[in-house]
Amino acid sequence: MFTRYFSTGRKVLLASILAGLIIALIAGGLQFMLLQQKREARFDILISDLHSYLVDYFDELRNSINSLQPLTLNTCEDVASELTSRAAFSLNVRAFLLVKEGNAFCSSATGSMDVPLTELVSQIDVNKDLDMAILPGTPMMPDKPAIALWIRSPLLDERGIFTTINVNLTPWLLYSARQNDFTGMALVVNHVALSTFSERLINPDELGQSPSRRARIEGLPMDIYLYAEKWPEENTNLTLLIGTMAGLIGGLLCFYIMTVRLRPGKEILTAIKRDQFYVVYQPVVDAQKMEIQGVEVLMRWKHPVAGEIPPDAFINFAEAQQLIVPLTHHLFRLIARDAPILQTLLPPGAKLGVNIAPSHLHADSFQQDMRQFSASLPDNYFQVVLEITERGMLHYQEASRLFEWLHDEGFEIAIDDFGTGHSSLIYLERYTFDYLKIDRGFVSAIGTETVTSPVLDAVLMLAKRLNMVMVAEGVETEEQANWLRSQGVQFLQGYWMSRPLPLQQLVEQHDAKAKYFTSS
Ligand code: C2E
Ligand code: CA
Ligand code: CA
């Protein structure tokens with residue numbers, strides 16, 4: 001019954017699956033972000049390394065070229081050998097050409113010549129201080145693309161140096177082959193690119209993808225483009241794997257915690273600690289005067305997730321888990337806490353009906369518990385009535401002794417739910433009870449087609465013969481109250497007089513001086 005409220009296998013399973021899914025999403029999302037961040041960082045480093053390498057290279061090259069500018073004042077014969085050796089010692093330089101008045105007149109590779117530069121390289125504008133182009137090849141190496149660089153002499157009129165540079169992208173080809181997300185790079189001048197994508201020159205606009213990083217070499221009309229895959233499949237797989245694993249582990253952990261760690265037994269102890277139990281008091285009134293003579297204390301559990309759990313569910317469960325004793329201790333503490341206020345609402349000698357579970361009755365600590373409870377209440381004010389069901393009287397010897405002890409200690413005993421158990425009326429003769437509580441099942445039958453049940457008749461007759469005081473519970477209508485009164489039932493309890501109320505409401509009801517003859 002208890003398990004209806006929480007910790008049912010299906011609920012736990014559903015909650016665990018939900019938790020697993022949420023954890024999977026979070027872990028997958030984090031993993032995705034982490035991979036993305038790492039990837040971005042890698043590209044940033046790559047482009048900045050490449051950029052600084054090229055800046056350094058061209059700085060050095062421009063210094064060499066500037067030191068060559070004075071050679072343009074000489075004839076080719078005079079400077080050819082120096083030009084050749086300077087080219088040989090300049091990294092990646094294919095050839096230096098000395099240019100005067102637009103004509104290349106000396107080459108480090110072929111010596112003397114006399115060709116207008118525009119004829120050699122139409123893309124270069126000699127009127128500019130600096131110009132650059134990417135060429136598909138040079139006369140000596142027609143199939144090997146090269147970078148062409150024109151630098152006009154800053155001091156000497158109409159003179160300058162034209163340089164062709166070898167570009168070897170093989171290391172980058174190798175690098176991109178080893179990386180899963182880096183696909184290639186390109187050096188771009190005027191929409192012409194030397195790239196790892198083709199041996200020929202291409203227009204990068206025709207690559208069909210835009211570079212994920214770009215950088216400009218300062219002072220040169222040259223850009224570096226880095227290309228990357230949008231989001232590599234490997235990363236997706238990794239993200240999925242991490243998400244799934246985390247979700248599985250998280251889900252299983254939740255399942256474990258909910259089934260093993262938060263076993264309902266523990267929940268009861270936790271609920272005691274967290275003060276989730278509270279008590280309500282249901283007035284018991286004198287059937288003639290309709291004045292309050294006492295209350296029955298009923299326990300309530302307000303569970304933060306499952307809501308209000310009815311006592312039928314948790315009392316049975318606590319009994320099964322051997323937790324009824326700590327639960328009843330807690331009940332006693334709650335009553336003791338309320339007692340000073342109850343004292344202001346109830347007349348001296350008022351009955352305090354407390355339900356005692358059969359297993360507590362036979363627990364070792366029972367007698368001590370009762371003494372402590374009694375001591376925790378105001379002196380000589382309340383009359384504690386223990387409400388015990390037939391189930392608590394199975395062991396005749398023990399029960400007799402216990403009841404005698406209770407009477408000696410000043411407690412009264414009521415037999416609760418009488419007639420609903422399978423045991424017989426024999427208990428009434430065996431034991432001395434102070435009260436007999438007529439179960440609400442019989443009371444609710446009053447006023448239906450058969451006026452009374454034979455069992456109720458027998459109970460009433462016996463109780464009268466044995467001089468027991470009768471309390472009818474579950475009185476919901478005036479008709480029932482009248483009938484019970486006419487049968488000599490001394491006390492009434494039920495919704496018609498009052499529902500079980502928390503202390504605060506009991507106080508309010510008392511302040512309103514309500515008489516218990518209308519339903520509230
Ligand atoms: P019970 O001892 O027979 O308590 C009377 C029950 O009848 C209460 O239900 C009360 O709310 C309900 N009741 C009172 N008047 C009427 C009425 O006019 N009409 C209807 N339909 N019901 C009425 P509740 O509070 O749900 O308690 C159910 C049972 O749980 C109790 O039955 C008792 O056996 C057990 N219980 C409750 N509190 C405790 C406790 O502190 N300790 C132990 N051991 N058992 C408790
Ligand atoms: Ca009761
Ligand atoms: Ca009852």
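In each ligand, atom 1 is the first atom listed, and ligand 1 is the first ligand listed. The shown structure was predicted, so the numbers you read here are calculated from the model rather than taken from an experiment. FYI, side chains are in, hydrogens and waters are out, and symmetry mates aren't considered; it's all heavy atoms of this structure.
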Take atom [atom1] of [X] as the centre, draw a 6.0 Å sphere, and report whether it contains more than 12 heavy atoms from other residues, nucleotides or ligands.
X      : atom1 : answer
Asn380 : CG    : no
Lys38  : NZ    : no
Gln36  : CD    : yes
Glu40  : CD    : yes
Glu218 : CD    : yes

Ligand 1 contact on [X] by region, counting heavy-atom pairs under 4.0 Å:
X      : value
Leu298 : both
Glu296 : side chain
Val475 : backbone
Lys437 : neither
Val279 : neither
Asn355 : both
Arg440 : side chain

Decide yes or no for [X] and [Y]: does some side-chain heavy atom of the first lie under 4.5 Å from some side-chain heavy atom of the second?
X      : Y      : value
Asp434 : His407 : yes
Val284 : Gln493 : yes
Asn237 : Leu241 : no
Leu298 : Pro311 : no
Leu436 : Leu462 : no
Leu30  : Ile26  : yes

Quiz item: Will you find, in the side chains of Glu508 and Gln504, an N or O donor that is under 3.5 Å from an N or O acceptor?
Solution: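 Indeed, the side chains of Glu508 and Gln504 share at least one donor-acceptor pair under 3.5 Å.
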Can you tell me if [X] has a non-hydrogen atom under 4.0 Å from ligand 1?
X      : result
Pro310 : no
Arg300 : yes
Arg499 : no

Exercise. Restricting to N/O/S, name the atom of Asp417 that gets closest to the Ca ion (ligand 3).
Key: OD1
Nearest neighbour in protein (non-hydrogen) for [atom]:
atom                    : result
atom 11 (O) of ligand 1 : Pro500 CG, 3.4 Å
atom 21 (N) of ligand 1 : Glu476 OE2, 3.1 Å
atom 13 (N) of ligand 1 : Tyr495 CE2, 3.8 Å
atom 27 (O) of ligand 1 : Pro311 CG, 3.4 Å
atom 29 (C) of ligand 1 : Asp312 OD1, 3.1 Å
atom 41 (O) of ligand 1 : Met299 CB, 3.4 Å
atom 15 (N) of ligand 1 : Gln282 NE2, 2.9 Å

Quiz item: Hey, is the main chain of Met470 close enough, under 3.5 Å, to the side chain of Gln490 for a donor-acceptor pair?
Solution: yes
Quiz prompt | Check: Leu506 main-chain N/O paired with Tyr281 side-chain donor or acceptor under 3.5 Å | solution = no
Exercise. Name whichever N, O or S atom of Glu387 ends up nearest to the Ca ion (ligand 2).
Key: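 The nearest such atom is OE1.
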Quiz prompt | Glu296: its N/O/S atom lying closest to the Ca ion (ligand 2) (atom name) | solution =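 It is OE2 of Glu296.
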Quiz item: With atoms numbered from 1 as shown, which atoms in ligand 1 lie under 4.0 angstrom from a non-hydrogen atom of Ala357?
Solution: 44 (N)
Quiz item: Does Asp416 put an N, O or S atom under 3.0 Å from the Ca ion (ligand 3)?
Solution: yes
Quiz item: Quick one: does Trp496 get an N or O within less than 3.5 Å of an N or O on ligand 1?
Solution: no
Self-check item: Metal check, the Ca ion (ligand 2) vs Glu473 N/O/S, cut-off below 3.0 Å
Solution: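 So Glu473 does not bind the Ca ion (ligand 2) by this criterion.
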Quiz prompt | 4.0 Å protein heavy-atom contact status of atom 32 (O) of ligand 1, strictly under | solution =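 For atom 32 (O) of ligand 1 the answer is no, since every protein heavy atom stays at 4.0 Å or beyond.
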